[in-house]
Participant: 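Supplied in structure tokens, the structure appears directly below.
Note that the structure is predicted; figures quoted are calculated from it, not measured.
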Number of protein chains: 2
Amino acid sequence: MKTEIEELLRKKEIKITANRILILELLLNTPHSLSIATIEKALPWADRATIFRTLKTFEKKALLHAVKDDDKPIKYAICSDACEVNYHKIHPHFHCDTCGNTFCLYDYDFRLPKLPDNYTADKYSLVINGICSNCQKHNI
Amino acid sequence: MKTEIEELLRKKEIKITANRILILELLLNTPHSLSIATIEKALPWADRATIFRTLKTFEKKALLHAVKDDDKPIKYAICSDACEVNYHKIHPHFHCDTCGNTFCLYDYDFRLPKLPDNYTADKYSLVINGICSNCQKHNI
DNA sequence: TACGATTTGCAATTAGATTGCATTTGGTTT
DNA sequence: AAACCAAATGCAATCTAATTGCAAATCGTA
């Protein structure tokens, strides 16, 4: 695992450090996006500023992307291969109103609709709110 | 004009005050959504807290809705008739990367796509980034 | 091993959102 | 029109999240 992570960092031309390995590992092992505060709780020895700058670095290198749902702290999620390809074009996310987690949706059939005259689109972001399958179960 | 605005407030069961009339008037006369800071600049005698609470009141009464684009301060826009009907379901917005303004898009053919198994959708929000027709002109 | 550049930790700052509370105001009742 | 009550307002303060400055620690390399 560690080796894979180091490989990933190397591929993205990000200098390898202990912080970065562990933050990336956490992100990879979490199925939903994470806020700085959440990462801080998961890695209590890590400094907020370091986490902040690490995430910015990762974002700049297209290793992850910011997820902006209705909740306040911005969350970050790892970019999958699908994400890499369409990074600047497609950002579909699902926000569960029960657990509050936000998941990336890649298998997604979305057509960019027509815009008013003389409007040109560059990218778009789509956030769907609802209940995820996990919370669905617990509700029964 | 003033009468129309008062009529609108009355219809929404919002108590009529000077602040509310002028804030609503500003929102109605602006083609794009406005942040608290922007409203504060436009109405310098108005208090930030009052603007804040006025917008919250308007939002609660479905007179306007919050617009969350990539920019930081949350913006608010008047709900059109189309908005009223689908208020909790559809929020398409267009954010111009040149002027930074965000416009509501109501004439919009958008189909909610299929979700992964056991995910249920309640509402969704769509923000399209690009260049608006006005900025398009100035670029030529 | 020394050097230069980058990263980190800590503290402080900024920005925006939000609230407490005393005062004022608006609408209503007498 | 005066009195009254609930809601709205203004001001200051607070809170949360984001962001930065700077000195110390660290890493890779000469």
Side-chain angles (χ1 to χ4, degrees), chain A residues 2 5-7 9-26 33-61 63-77 95 100 102, chain B residues 2-3 5-27 33-61 63-77 100 102:
Chain A
K2 284 280 191 300
I5 288 171
E6 289 178 27
E7 189 53 43
L9 288 171
R10 209 170 285 122
K11 199 189 302 172
K12 294 284 187 174
E13 297 179 309
I14 298 168
K15 196 175 283 188
I16 294 171
T17 71
N19 275 308
R20 289 169 176 180
I21 288 174
L22 291 170
I23 292 173
L24 181 51
E25 187 173 30
L26 176 62
S33 57
L34 296 171
S35 66
I36 292 179
T38 309
I39 296 174
E40 223 180 336
K41 270 179 217 149
L43 312 174
W45 42 265
D47 186 77
R48 197 180 331 125
T50 300
I51 297 171
F52 171 78
R53 283 184 280 225
T54 298
L55 294 175
K56 286 293 176 196
T57 301
F58 285 3
E59 192 180 15
K60 207 175 301 166
K61 299 284 186 170
L63 187 52
L64 54 74
H65 58 271
V67 178
K68 293 167 187 177
D69 53 34
D70 283 355
D71 290 348
K72 244 188 305 183
I74 296 173
K75 296 166 186 164
Y76 297 85
H95 180 258
T102 298
Chain B
K2 283 280 190 302
T3 324
I5 289 170
E6 290 178 27
E7 189 52 44
L8 189 50
L9 288 170
R10 208 168 286 122
K11 200 189 301 172
K12 295 283 188 175
E13 297 179 307
I14 299 168
K15 197 175 284 189
I16 294 171
T17 70
N19 275 307
R20 290 169 175 182
I21 289 173
L22 291 170
I23 292 173
L24 180 51
E25 187 172 31
L26 176 62
L27 283 160
S33 56
L34 297 171
S35 66
I36 292 179
T38 309
I39 295 174
E40 223 181 338
K41 270 180 217 147
L43 312 174
W45 43 265
D47 186 78
R48 198 178 333 126
T50 300
I51 297 171
F52 171 78
R53 284 184 279 226
T54 298
L55 294 175
K56 286 292 175 195
T57 300
F58 286 2
E59 193 180 13
K60 207 176 298 167
K61 299 283 186 170
L63 188 52
L64 54 74
H65 59 269
V67 177
K68 293 166 187 178
D69 53 34
D70 283 354
D71 289 349
K72 243 187 308 180
I74 295 174
K75 297 167 185 163
Y76 297 85
T102 299

Participant: Whether the side chain of A/Arg20 engages the backbone of A/Lys15 through a donor-acceptor N/O pair (distance < 3.5 Å, no angle test) should be reported.
Facilitator: yes
Participant: Hey, which sits more toward the 5' end of DNA chain C by its nearest nucleotide, B/Ala18 or B/Ala49?
Facilitator: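 Its nucleotide being nearer the 5' end, the pick is B/Ala49.
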Participant: Where the side chain of B/Ser33 meets the backbone of B/Thr102, is there a donor-acceptor pair that is under 3.5 Å apart?
Facilitator: yes
Participant: Which residue, A/Thr17 or A/Pro73, contacts DNA chain D at a nucleotide closer to its 5' end, judged by nearest heavy atom?
Facilitator: A/Pro73
Participant: Measure from NZ on B/Lys15 to C1' on D/dT9 and round the result to the nearest Å.
Facilitator: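 So the NZ-C1' distance, B/Lys15 to D/dT9, works out to 12 Å.
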Participant: Using atom NZ of B/Lys61 as one end and atom C1' of D/dA7 as the other, report the distance to the nearest whole Å.
Facilitator: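 Going from B/Lys61 (NZ) to D/dA7 (C1'), I get 12 Å.
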Participant: Of all nucleotides in DNA chain C with an atom under 4.0 Å from a non-hydrogen atom of chain B, which is the first and which the last going 5' to 3'?
Facilitator: C/dG16 to C/dG27
Participant: Scan B/Ile74 against the nucleic acid and name what it touches under 4.0 Å (heavy atoms): base, sugar-phosphate only, or nothing.
Facilitator: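 Here B/Ile74 touches the backbone only, sparing every base.
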Participant: Between B/Leu34 and B/Lys75, does a side-chain contact (heavy atoms from CB on, under 4.5 Å) hold up when you go through it step by step?
Facilitator: CA-CA 5 Å; B/Leu34 297 171; B/Lys75 297 167 185 163; 5.8 Å; no
Participant: Can you measure A/Asp47 atom CG to D/dC22 atom C1' for me and round it to whole angstrom units?
Facilitator: 14 Å
Participant: Does OP1 or OP2 of D/dT19 have a side-chain N or O of A/Arg53 closer than 4.0 Å?
Facilitator: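 False: A/Arg53 side-chain N/O out of range (4.0 Å or more) of D/dT19 OP1/OP2.
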Participant: Please give, in whole Å, the distance from D/dA17 C1' to A/Glu40 CD?
Facilitator: 11 Å
Participant: Whole-Å distance between D/dA8 P and B/Lys56 NZ?
Facilitator: 16 Å
Participant: If you define the side chain from C-beta out and look only at heavy atoms, does anything of B/Leu27 sit under 4.5 Å from B/Leu55?
Facilitator: yes
Participant: Considering just the side-chain nitrogens and oxygens of B/Asn19, establish if one lies under 4.0 Å of OP1 or OP2 belonging to D/dG10.
Facilitator: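 True: B/Asn19 side-chain N/O within range (under 4.0 Å) of D/dG10 OP1/OP2.
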Participant: Please state how far atom NZ in B/Lys72 lies from atom C1' in D/dA17, giving the value in whole angstrom units.
Facilitator: 9 Å
Participant: Are any of the side-chain heavy atoms of A/Trp45 and A/Asn19 separated by less than 4.5 Å?
Facilitator: yes
Participant: Does D/dG10 have OP1 or OP2 under 4.0 Å away from a side-chain N or O of B/Thr50?
Facilitator: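 For D/dG10, OP1/OP2 do have a side-chain N/O of B/Thr50 under 4.0 Å.
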Participant: Is the count of non-hydrogen atoms from other residues, nucleotides or ligands lying under 6.0 Å from B/Arg48 atom CZ greater than 12?
Facilitator: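 12 or below, so no.
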Participant: Can you check side-chain contact (heavy atoms from CB on, under 4.5 Å) on B/Leu63 and B/Thr57, steps first, answer last?
Facilitator: CA-CA 9 Å; B/Leu63 188 52; B/Thr57 300; over 6 Å; no
Participant: Take atom CG of B/Leu9 and atom C1' of D/dA8, then tell me their distance rounded to the nearest Å.
Facilitator: 13 Å
Participant: What is the distance, to the nearest angstrom, from the CZ atom on B/Arg48 to the P atom on D/dT14?
Facilitator: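 Nearest whole value for this atom pair: 15 Å.
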